[in-house]
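A quick write-up on the structure given underneath.
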Amino acid sequence: MLAMIIGVALILFTIFAALPGFLGWGAEIITFLKGAAPILSAFIGIIAIFVGIADIKDKNEAKKEEEASRNNIDIK
C-alpha cells in the first residue's frame with residue numbers, strides 16, 4: 001500500500017513538474033526526452049536482438065529434445 005501511495009505521489013509530481021507555470025521544467029523534460037530517445041531505442045534494439053537469439057536457441061533445443069524423444073519411443 002505504501003508503494004502505491006509513493007508511486008501515485010511521484011506520478012503527480014511528474015505531471016505538475018511538466019506543466020507550464022508550476023516548476024517550469026517542461027522545456028527541460030522535452031530536451032531530455034529528445035536526447036534520451038535514440039539511446040533508449042538502441043538499448044531496446046540490443047535487448048530485442050538478445051531475446052531473438054535466445055528464442056532461436058530455445059527452438060533448436062526443443063527440436064533436438066523432440067527428436068531424441070521420438071528416437072527413444074521408437075527403440076522401446
field: Residues that Glu66 engages under side chain to side chain donor-acceptor pair (under 3.5 Å), provided they are two or more places apart
entry: Arg70
query: Any chain of hydrophobic side-chain contacts (each under 4.5 Å) joining Trp25 to Leu33?
result: yes
query: Between Ile29 and Phe13, is there a shared hydrophobic cluster once you connect ILVMFWY residues whose side-chain heavy atoms come closer than 4.5 Å?
result: yes
message: So which atom in Ser41 and which in Pro38 form the shortest heavy-atom distance, rounded to 0.1 Å?
response: OG-O, 2.8 Å
- line: When rounded to the nearest 0.5 Å, the distance separating CG of Asp55 from CG of Asn60 is 9.5 Å
- prompt: Cluster question for you: counting only ILVMFWY and a side-chain heavy-atom cut-off of under 4.5 Å, with indirect links fine, are Ile11 and Ile5 together?
  reply: no
- prompt: Rounded to the nearest 0.5 Å, how far apart are OG1 of Thr14 and CG of Leu19?
  reply: 10.5 Å
- request: Could you grab the distance from atom CD1 of Ile49 to atom CD1 of Ile53, nearest 0.5 Å is fine?
  value: 7.0 Å
hydrophobic_cluster_shared for Leu40 and Ile30, side chain cutoff 4.5 Å: no
